[in-house]
Asker: 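Let me give you the structure first, and then I'll get to my questions.
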Amino acid sequence: QVQLVESGGGEVQPGGSLRLSCAASGNIFSIGTMGWYRQAPGKLRELVAAVMSGGSANYADSVKGRFTNSRINANFTTYLQMNSLKPEDAAVYSCNAEQVLSTDWTLSNYWGQGTQVTVSS
């Protein structure tokens, strides 16, 4: 059983910063990609950022230059540093782990429970 536990959401003023954390636990051998999605009310869920096991990361155009997605492979943790936050960044942010290889050699994808990010003055 693999679980993703997120932390770090909250409310911030426009221009402020937040750092989200996501820790994967369980019988994990390796994780391919770890990333973050977000969904605002009335909108589709969208990919925000994803970082591969080698460290290279991809970002949505709307967050490039403001957000940084990093990970520590040794403890299966990923972080999303969000700077210069805008009201349109407000959403529920969910952590995603793809190509999770468990110690029983099964390969699956997992989601965190989601954390709310609110950006308002």
Side-chain angles (χ1 to χ4, degrees):
Q1 187 76 8
V2 174
Q3 289 185 322
L4 303 184
V5 178
E6 300 147 344
S7 60
E11 184 171 358
V12 65
Q13 293 185 340
S17 298
L18 283 174
R19 188 191 195 210
L20 305 182
S21 301
C22 174
S25 62
N27 299 325
I28 302 171
F29 182 78
S30 65
I31 299 178
T33 302
M34 298 188 80
W36 297 87
Y37 287 73
R38 69 185 180 187
Q39 187 168 22
K43 295 187 177 181
L44 296 175
R45 184 169 61 189
E46 63 173 349
L47 174 66
V48 177
V51 57
M52 299 0 145
S53 58
S56 61
N58 296 317
Y59 298 91
D61 288 342
S62 59
V63 307
K64 283 181 181 176
R66 300 187 297 120
F67 291 11
T68 302
N69 190 190
S70 60
R71 63 187 281 177
I72 299 177
N73 290 329
N75 59 8
F76 306 118
T77 301
T78 185
Y79 303 94
L80 185 67
Q81 178 66 44
M82 305 185 292
N83 299 327
S84 302
L85 282 160
K86 304 175 180 180
E88 53 263 40
D89 293 320
V92 174
Y93 285 69
S94 298
C95 176
N96 172 254
E98 293 184 355
Q99 299 174 325
V100 179
L101 182 61
S102 300
T103 53
D104 62 358
W105 304 115
T106 57
L107 197 65
S108 300
N109 300 331
Y110 294 92
W111 289 91
Q113 78 280 6
T115 185
Q116 178 70 49
V117 171
T118 303
V119 184
S120 66
S121 53

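Keep in mind the model is a prediction, meaning the values are calculated, not measured. Residues: numbered from 1 along the sequence shown.
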Asker: Once you round to the nearest 0.5 Å, how far does CG of Asn27 lie from CG of Leu101?
Answerer: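 It comes to 11.5 Å.
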
Asker: Mind listing the closest non-hydrogen atom pair of Val117 and Gly9 along with its distance?
Answerer: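 Minimum heavy-atom contact is CG2-CA, 4.4 Å.
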
Asker: Is there a path of hydrophobic side-chain contacts, each under 4.5 Å between heavy atoms of I, L, V, M, F, W or Y residues, that connects Val63 with Tyr93?
Answerer: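 Hydrophobic grouping puts Val63 with Tyr93.
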
Asker: Can you name the nearest heavy-atom pair linking Leu80 to Ala49, along with the distance?
Answerer: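 Minimum heavy-atom separation between Leu80 and Ala49: CD1-CB, 4.2 Å.
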
Asker: In the structure I gave you, are the side-chain heavy atoms of Tyr110 and Ile31 within less than 4.5 Å of one another anywhere?
Answerer: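 Heavy-atom side-chain distance check fails, nothing below 4.5 Å.
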
Asker: Are Val48 and Leu85 grouped together when hydrophobic residues (ILVMFWY) are joined by side-chain heavy atoms under 4.5 angstrom apart?
Answerer: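 Looking at the clustering, Leu85 is in the same group as Val48.
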
Asker: Can you tell me how far CD of Gln113 sits from OG of Ser94, rounded to the nearest 0.5 angstrom?
Answerer: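 Going from the OG atom of Ser94 to the CD atom of Gln113 covers 8.0 Å.
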
Asker: State whether the side chain of Asn109 and the backbone N or O of Val100 hold a donor-acceptor pair below 3.5 Å, judged by distance alone.
Answerer: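 Such a contact is absent between Asn109 side chain and Val100 backbone.
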
Asker: Decide whether Phe29 and Phe76 are clustered together by the hydrophobic rule: side chain heavy atoms of Ile, Leu, Val, Met, Phe, Trp, Tyr closer than 4.5 Å, transitively.
Answerer: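 Different clusters.
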
Asker: If every non-hydrogen atom of Ser17 is compared with every non-hydrogen atom of Gln81, which pair is closest and at what distance?
Answerer: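 Smallest heavy-atom distance, with atoms named: CB-NE2, 4.0 Å.
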
Asker: Counting only N and O atoms by type, is there a donor-acceptor contact under 3.5 Å from the side chain of Tyr59 to the main-chain atoms of Asn69?
Answerer: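 Checking the backbone N and O of Asn69 against the side chain of Tyr59, a donor-acceptor pair under 3.5 Å is found.
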
Asker: Do Tyr79 and Thr68 come close enough that some side-chain heavy atom pair is under 4.5 Å?
Answerer: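 Side-chain contact under 4.5 Å: no.
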
Asker: Check the pair Cys95 / Trp36 against side-chain contact (heavy atoms from CB on, under 4.5 Å), numbers first and verdict last.
Answerer: CA-CA 5 Å; Cys95 176; Trp36 297 87; 3.9 Å; yes

Asker: When clusters are formed by joining ILVMFWY residues with side-chain heavy atoms under 4.5 Å apart, either directly or through shared neighbours, do Ile28 and Met34 land in the same one?
Answerer: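 As far as the 4.5 Å side-chain criterion goes, Met34 and Ile28 are connected within one cluster.
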
Asker: How far does CD of Gln39 sit from CD of Glu46, to the nearest 0.5 angstrom?
Answerer: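 Reported to 0.5 Å precision, the distance equals 9.5 Å.
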
Asker: Side-chain contact, heavy-atom cut-off 4.5 Å: Arg66 with Met82?
Answerer: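 When only atoms from C-beta onward are counted, Met82 and Arg66 do not touch, as no gap falls below 4.5 Å.
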
Asker: How many angstroms lie between CD in Glu98 and CG in Leu107, if you round to the nearest 0.5 Å?
Answerer: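 CG of Leu107 is found 10.0 Å from CD of Glu98.
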
Asker: Can you tell me if CD on Gln3 sees more than 12 non-hydrogen neighbours from other groups inside 6.0 Å?
Answerer: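 Result for CD/Gln3: open.
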
Asker: Would you say Thr77's side chain and Asn75's backbone share a donor-acceptor pair under 3.5 angstrom?
Answerer: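 Side chain of Thr77 to backbone of Asn75: a pair is present.
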
Asker: I would like to know whether Lys64 and Asp61 meet salt bridge (Lys or Arg N to Asp or Glu O under 4.0 Å); could you show each step before the answer?
Answerer: CA-CA 5 Å; Lys64 283 181 181 176; Asp61 288 342; 3.1 Å; yes

Asker: Between atom OG of Ser62 and atom CG of Asp89, what is the distance when rounded to the nearest 0.5 Å?
Answerer: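 Rounded to the nearest 0.5 Å, the OG-CG separation comes out at 7.0 Å.
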
Asker: Which atoms form the tightest heavy-atom contact between Ser121 and Pro14, and what is the distance?
Answerer: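 Scanning both residues, the minimum pair turns out to be N-CD, 3.8 Å.
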
Asker: Provide the closest heavy-atom pair for Ser120 versus Glu11 in the form atom of the first, atom of the second, distance.
Answerer: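 Heavy atoms of Ser120 and Glu11 come nearest at OG-OE2, 2.9 Å.
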
Asker: Please determine whether side-chain contact (heavy atoms from CB on, under 4.5 Å) holds for the pair Ser53 and Arg71, giving the CA-CA distance in whole Å, both sets of side-chain angles, and the decisive distance to 0.1 Å.
Answerer: CA-CA 8 Å; Ser53 58; Arg71 63 187 281 177; 4.2 Å; yes

Asker: Do you reckon Leu20 sits in the same ILVMFWY cluster as Val12, going by side-chain contacts under 4.5 Å, direct or chained?
Answerer: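 Yes, because Leu20 and Val12 connect within a single hydrophobic cluster, where side-chain heavy atoms sit under 4.5 Å apart.
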
Asker: With distance as the sole test, does Asn96 use its side chain to make a donor-acceptor pair with the main-chain N or O of Tyr37 at under 3.5 Å?
Answerer: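 No; judged by distance alone, with no hydrogens or angles, the pair does not exist.
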
Asker: Any chance you could measure Phe67, atom CZ, to Ser84, atom OG, to the nearest 0.5 Å?
Answerer: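 The OG atom of Ser84 is 9.0 Å from CZ of Phe67, to the nearest 0.5 Å.
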
Asker: Quick one: do the Gln99 and Thr33 side chains pair a donor with an acceptor below 3.5 Å?
Answerer: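 There is no such pair between these side chains.
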
